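What you see is a predicted model, and the numbers here were worked out from it, not measured in a lab.
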Protein chains: 2
Amino acid sequence: MPAESERTEMLDSETKAVETPEDHADELRLWLRLLTCTTLIEGEVRGRLRQRFDVTLPRFDLMAQLDKAPDGMTLSDVSKRMMVSNGNVTGLVERLVESGHLDRRTSETDRRVQVIRLTKLGRAEFRKMAAEHETWIADLFAELSPKDVRELMRLLAKTKASAQKSAARRRP
Amino acid sequence: MPAESERTEMLDSETKAVETPEDHADELRLWLRLLTCTTLIEGEVRGRLRQRFDVTLPRFDLMAQLDKAPDGMTLSDVSKRMMVSNGNVTGLVERLVESGHLDRRTSETDRRVQVIRLTKLGRAEFRKMAAEHETWIADLFAELSPKDVRELMRLLAKTKASAQKSAARRRP
DNA sequence: GGGAAACATTTTAGGCTTAAAACAATTTGG
DNA sequence: CCAAATTGTTTTAAGCCTAAAATGTTTCCC
């Protein structure tokens, strides 16, 4: 426990629990700052992808998932990985098949399942974009020291675990 | 500088700059983790707002901005604060006026400007939602110690500054 | 075998979001 | 003063996104 109290109005921990509403302002500020950072970076990446490659961020993200899976993925896999709804993936895939970046085929062993892969074109274009994308990210985080990066990684891992537990508490 | 090298393949800093492509994998992983955390929390908040109050997250966010500005804000102000496009705000405001949560009037001193405020209903509903929302956030971050929270705040502030500088470098 | 449950995907309806163009009002600099 | 630039907002066109319902397929298990 830290020496300094973060709740200055609290004089006696016995009287706290029931009566005084807890002070959650710090967590709220933290959440807003987290959201700001993400929005800022995401907007920047989105803009650069559009300007340099005329591609949208969701398309890029989907292709990134597939680049890591040479044997293809099912739509459900993609949807879980990207943390978006099923219907969303259906539409995205439709457009990427249309533009020749993706190949979609029904699984031979389970006719419910659609397996999607990058086409040769899709893979080539993705690799080109990904190389540049990586330099943008490095530039956006340029002022963080290697130690900062490690520390942020650690704290965000803890945050993710905390949020997942909270979500599981509500939806068991 | 940390004692341990994070780029094991680099033997001589003289030869680095031009020839070997830099290793940005750590920053990329950090960005993905940041995005995962935000998406996770955002999705959770979105779902709870819908279930408990039948309200969308963007509506809630807009009302949160206005709650902090009793004298109202212009659409541009809101758009900058929320980091979304102008047209987006136009549509959101339209729906919130329609539902009786917002009041919109043209400024008397500048006929270009629209000033929006929460109505009595809008303020009352927002306050109710905000109180509960704060407990959700606290719960989502529950496993972070006060020290973790402070440290994250510090590192995210640094991240934000870094990203803003990078964005400014590109779009001066 | 056959019905119920589970699963994968698509569809639907509605809302959110963006970039860019269009429009309207004000400010500015000659 | 007045044309040009700037500012604030809306419109447009396209795409993204969700939750929930619908559809088709497979698995479970009695």
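The interatomic distance linking A:Leu49 (CG) with C:dT17 (P) rounds to 19 Å, in whole Å. Whole-Å rounding puts the A:Arg46 CZ to D:dA14 C1' distance at 14 Å. Between the P atom of C:dG14 and the CG atom of B:Leu96 lies a distance of 18 Å, rounded to the nearest Å. Atom-to-atom, NZ of A:Lys80 to C1' of D:dT18 comes out at 17 Å; the value is rounded to the nearest Å. Note: CZ (A:Arg81) to P (C:dA8) measures 15 Å, nearest angstrom. Here the P atom of nucleotide D:dG15 and the CG atom of A:Asp54 are 11 Å apart, to the nearest Å. A straight line from CZ of B:Arg111 to P of C:dT27 spans 11 Å, rounded to a whole angstrom. Distance, A:Phe60 CZ to D:dC16 C1': 17 Å, rounded to whole Å.
For A:Arg50, taking side-chain heavy atoms from C-beta onward, the closest of the listed nucleotides C:dT17, D:dG15, C:dA20 is C:dA20. Distance from the side chain of A:Asp110 is smallest to D:dT26 among D:dT26, D:dT18, C:dT11. Candidate nucleotides C:dT18, D:dC16, D:dT9 were compared by shortest atom distance to the side chain of B:Asn86, and D:dT9 ranks first. For A:Arg112, counting side-chain heavy atoms from C-beta on, the closest listed nucleotide (C:dA8, C:dT18, D:dT7) is C:dA8. When the nucleotides C:dA8, D:dT10, C:dT18 are ranked by their closest atom to the side chain of B:Gln114, D:dT10 comes out on top. Checking D:dT11, C:dT11, D:dT10 against the side-chain heavy atoms of B:Glu94 singles out D:dT11 as nearest. Picking from D:dC16, D:dT10, D:dT26 the nucleotide with the shortest atom distance to the side chain of A:Leu92 gives D:dC16.
Comparing B:Gly87 and A:Met82 by the nucleotide of DNA chain D that holds the closest heavy atom to each, the one mapping nearer the 5' end is B:Gly87. Toward the 5′ end of DNA chain D lies the nearest nucleotide of B:Val115, the other residue of the pair A:Val84 and B:Val115 mapping further downstream.
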- Message: Checking A:Leu34 against B:Phe141 for the side chain to side chain contact (heavy atoms under 4.5 Å, CB included) test, could you report, in this order, the C-alpha distance in whole Å, the side-chain angles of both residues, the deciding distance, and whether it holds?
- Response: CA-CA 12 Å; A:Leu34 186 62; B:Phe141 287 94; 4.2 Å; yes

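In this structure, A:Asn88 reaches the D:dT18 phosphate: one of its side-chain N or O atoms is under 4.0 Å from OP1 or OP2. Between A:Arg104 and C:dT10 there is a side-chain polar atom (N or O) within less than 4.0 angstrom of OP1 or OP2. Between B:Arg59 and C:dC16 there is a side-chain N or O to OP1 or OP2 distance below 4.0 Å.
Residues from residues 71-79 of chain A that place a heavy atom under 4.0 Å from any atom of DNA chain C, listed by number: A:Thr74, A:Leu75, A:Ser76.
B:Thr56 comes within contact range of the sugar-phosphate backbone alone, with a heavy-atom separation under 4.0 Å but no base atom that close.
Atom CD of B:Glu27 is separated from atom CG of A:Leu140 by 10.5 Å, given to the nearest 0.5 angstrom.
Aromatic rings of A:Phe53 and A:Phe60 (six-membered ring for Trp) have centroids beyond the 6.0 Å cut-off, not under it.
Annotation: salt bridge (Lys or Arg N to Asp or Glu O under 4.0 Å) contacts involving residues 54-67 of chain A, sequence neighbours excluded, comprise A:Asp67-A:Arg123, A:Asp67-A:Arg127.
Here the closest heavy-atom approach between residue A:His101 and residue A:Met63 is recorded as CD2-CE, 3.7 Å. Nearest heavy-atom pair across B:Leu121 and B:Ser99 is CD2-O, 4.1 Å. In terms of heavy atoms, B:Glu143 sits closest to B:Asp148 at O-OD2, 4.4 Å.
Using a 4.5 Å cut-off between side-chain heavy atoms of Ile, Leu, Val, Met, Phe, Trp and Tyr, with links allowed through other members, A:Leu96 and A:Val113 fall into different hydrophobic clusters.
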